[in-house]
Visitor: 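One structure, pasted below without further comment.
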Amino acid sequence: MRTNEQFLEAVTKSFKTYLNRNSSRSTAKLKSLHGHIARDLADMFGGEYTIKSQGYGDDKEGTITGRYYPKNVDITVSKNGKPVAGYAVKFVMRNYSQNSNNYFENMIGETANIRSNSIPYFQIFIIFEKVPYYKNGGEFLKYDVISEHNLEKYIALSKDNPDTFYHTPDKTLIVLLNLKEKSVDYKFENSKEYAEYYKSVIDNEGLITYSNKIEDTFDDNVILNNYSDFIKRTYCIVEGKTK
């Protein structure tokens, strides 16, 4: 279950749910993805641990008490009834440039809150190479084209020492995806046309693939497009801190 290919299938399923809902605010699009990750973690950690997540088990998030406030966490790992790690998952499907700084600030803020209470915290950030940007009402305006410039703050984050900076996740996974275009530089009129087209081709082989557009210049703290390695490394971190 922990292969990069199977994770890509889970991401595609999440995207399909988003297209059917045609709403970035719906949490339903992430339920199957969270559930997939939670099952992988349950398989890896074994019976000594309890995994809580939407899409898995009782279909509920767990809560971790941070240094400053309790936080509902996408995926929670507990041992003997006590949370010992958390995983946050972000899948950006529209209007990235409008919210990019907010995404990052929220990420480091929630990470600092939990890690300051001596609990490991991990982040998964998923985004397409080209993210549609819509005006209010759903009219297509442009594509946000992701480049190394957009990821500079994550490159800087990868160089931080988590033992020194509590806002730095213990490990971060960045997943950059290529979504096959209808035709080269085709621009959809609105979000409805975008959703209808991709719903019609969602089962096509090779529709969504891992991107090789960005050179991997991240230090060890950030992993690019290798979910399998990320899961193994985070498991080792949690095991090392709970022995």
Side-chain angles (χ1 to χ4, degrees), residues 1 3-40 53-56 59 61 74-75 88-104 106-107 123-151 173-214 224-225 227:
M1 288 292 290
T3 69
N4 293 327
E5 292 75 16
Q6 288 164 325
F7 180 70
L8 191 61
E9 290 174 6
V11 169
T12 302
K13 185 176 180 180
S14 178
F15 182 54
K16 183 177 182 178
T17 303
Y18 161 74
L19 295 172
N20 288 328
R21 300 272 178 147
N22 198 21
S23 171
S24 61
R25 296 182 181 275
S26 173
T27 59
K29 71 179 188 293
L30 290 176
K31 184 176 288 192
S32 63
L33 182 58
H34 290 184
H36 177 93
I37 299 167
R39 282 187 289 275
D40 284 350
S53 169
Q54 288 190 335
Y56 177 79
D59 195 31
E61 293 179 342
D74 293 332
I75 304 166
V89 184
K90 189 72 180 176
F91 189 175
V92 179
M93 302 188 194
R94 62 190 292 169
N95 292 42
Y96 174 65
S97 60
Q98 179 182 355
N99 300 298
S100 63
N101 287 336
N102 286 339
Y103 292 145
F104 191 77
N106 290 340
M107 181 192 79
Q123 295 276 354
I124 299 174
F125 182 74
I126 307 167
I127 193 166
F128 292 118
E129 285 180 5
K130 297 177 71 171
V131 184
Y133 189 102
Y134 303 111
K135 298 179 183 179
N136 290 338
E139 180 185 353
F140 181 88
L141 180 63
K142 62 176 182 176
Y143 278 111
D144 289 329
V145 181
I146 306 305
S147 65
E148 289 186 9
H149 171 72
N150 299 107
L151 299 177
L173 172 67
I174 293 179
V175 180
L176 184 64
L177 301 168
N178 176 269
L179 176 64
K180 189 177 292 185
E181 296 184 74
K182 184 174 182 178
S183 59
V184 177
D185 294 328
Y186 181 87
K187 293 181 174 59
F188 296 92
E189 289 188 10
N190 50 45
S191 59
K192 182 178 180 181
E193 184 192 358
Y194 179 93
E196 289 302 319
Y197 171 72
Y198 280 110
K199 279 194 289 185
S200 73
V201 297
I202 192 65
D203 295 321
N204 287 7
E205 186 176 351
L207 179 68
I208 299 177
T209 56
Y210 291 106
S211 170
N212 59 8
K213 176 183 178 181
I214 301 296
L224 177 65
N225 284 355
Y227 168 79

Visitor: Could you tell me whether the side chain of Tyr56 reaches within less than 4.5 Å of the side chain of His34, counting heavy atoms only?
Guide: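 They are not in side-chain contact.
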Visitor: Is the backbone of Gly138 close enough, under 3.5 Å, to the side chain of Lys192 for a donor and an acceptor to pair up by distance?
Guide: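 Answer holds: no.
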Visitor: CD of Glu205 to CG of Asp203: how many Å apart, nearest 0.5 Å?
Guide: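 Output value for this atom pair is 11.5 Å.
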Visitor: Drop me the distance from Ile75's CD1 to Ile37's CD1, to the nearest 0.5 angstrom.
Guide: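 It comes to 4.5 Å.
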Visitor: Please identify each residue that fulfils side-chain contact (heavy atoms from CB on, under 4.5 Å) with Glu61, with sequence neighbours left out.
Guide: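 Expected list: Gln54, Asn72, Asp74.
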Visitor: If the condition is side chain to side chain donor-acceptor pair (under 3.5 Å), which residues does Asn95 pass it with, not counting sequence neighbours?
Guide: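 Testing Asn95 for side chain to side chain donor-acceptor pair (under 3.5 Å), a comparison that skips the adjacent residues, returns Gln98.
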Visitor: Kindly compute the distance separating CG (Leu207) from CG (Asn178), expressed to the nearest 0.5 Å.
Guide: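 Going from the CG atom of Leu207 to the CG atom of Asn178 covers 9.0 Å.
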Visitor: Check Arg39 against Gly55 and note the closest heavy-atom contact, atom names and distance.
Guide: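 That would be NH1-O, 3.3 Å.
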Visitor: Report yes or no: do Ser147 and Asn150 form a side-chain donor-acceptor pair below 3.5 Å?
Guide: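 Distance-only check passes for Ser147 and Asn150.
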Visitor: Could you tell me the separation between the CG atom of Asn20 and the OH atom of Tyr18, rounded to the nearest 0.5 Å?
Guide: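 So the CG of Asn20 and the OH of Tyr18 are separated by 11.5 Å.
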Visitor: Does the side chain of Tyr103 reach to within under 4.5 Å of the side chain of Ile127, using non-hydrogen atoms?
Guide: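 Answer no - side chains too far apart.
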Visitor: Step by step, work out the side chain to side chain contact (heavy atoms under 4.5 Å, CB included) result for Glu129 and Leu179.
Guide: CA-CA 7 Å; Glu129 285 180 5; Leu179 176 64; over 6 Å; no
Visitor: For Leu8, check side-chain contact (heavy atoms from CB on, under 4.5 Å) against everything at least two apart and list the hits.
Guide: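 So Leu8 forms a side-chain contact (heavy atoms from CB on, under 4.5 Å) with Leu177, Ile208, Tyr210.
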Visitor: Tell me, do Pro132 and Tyr143 make a side-chain contact under 4.5 Å, heavy atoms counted?
Guide: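 They are in side-chain contact.
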Visitor: When you check the side-chain N and O atoms of Asp40 and Tyr227, is any donor under 3.5 Å from an acceptor?
Guide: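 Yes, because at least one side-chain N or O of Asp40 sits under 3.5 Å from a partner of the opposite role on Tyr227.
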Visitor: Should Leu19 and Met93 be marked as a side chain to side chain contact (heavy atoms under 4.5 Å, CB included) after you check the CA-CA gap, both sets of side-chain angles, and the distance that decides it?
Guide: CA-CA 10 Å; Leu19 295 172; Met93 302 188 194; over 6 Å; no
Visitor: Name all pairs fulfilling the salt bridge (Lys or Arg N to Asp or Glu O under 4.0 Å) condition that reach into residues 176-187, sequence neighbours left out, sorted by first residue then second.
Guide: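 For residues 176-187: Lys130-Glu181, Lys130-Asp185.
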Visitor: Where is the tightest heavy-atom contact between Gln123 and Ala88, given as atom of each residue plus distance?
Guide: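 Here Gln123 and Ala88 meet closest at OE1-CB, 3.3 Å.
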Visitor: Rounded to the nearest 0.5 Å, what's the gap from CG on Leu224 to CG on Leu173? Could you check?
Guide: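 It is 8.0 Å, given to the nearest 0.5 Å.
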Visitor: Return each pair, listed once, that meets salt bridge (Lys or Arg N to Asp or Glu O under 4.0 Å) where at least one residue sits in residues 136-150; pairs must be two or more places apart or across chains.
Guide: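 Qualifying pairs: Lys135-Glu139, Lys142-Asp144.
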Visitor: Taking the side chain as every heavy atom from C-beta outward, state whether Tyr197 and Phe188 have any pair of such atoms under 4.5 Å apart.
Guide: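 A side-chain contact under 4.5 Å exists here.
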Visitor: Less than 4.5 Å apart, any side-chain heavy atom of Leu33 and any of Ile126?
Guide: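 They are in contact (side-chain heavy atoms under 4.5 Å apart), so the answer is yes.
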Visitor: Could you grab the distance from atom CZ of Phe91 to atom CZ of Phe125, nearest 0.5 Å is fine?
Guide: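 Reported value, rounded in 0.5 Å steps: 10.5 Å.
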Visitor: Show the nearest heavy-atom pair for residues Gly35 and Ser53, with the distance to one decimal.
Guide: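 Smallest interatomic distance, heavy atoms only, reads N-OG, 4.2 Å.
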Visitor: Considering residues at least two apart in sequence or located in another chain, which fulfil the side chain to side chain donor-acceptor pair (under 3.5 Å) criterion with Glu9?
Guide: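 Side chain to side chain donor-acceptor pair (under 3.5 Å) list for Glu9, sorted by chain: empty.
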Visitor: Please confirm whether Phe15 and Phe128 have ring centers closer than 6.0 angstrom.
Guide: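 Close enough - the centres of the two rings lie under 6.0 Å apart.
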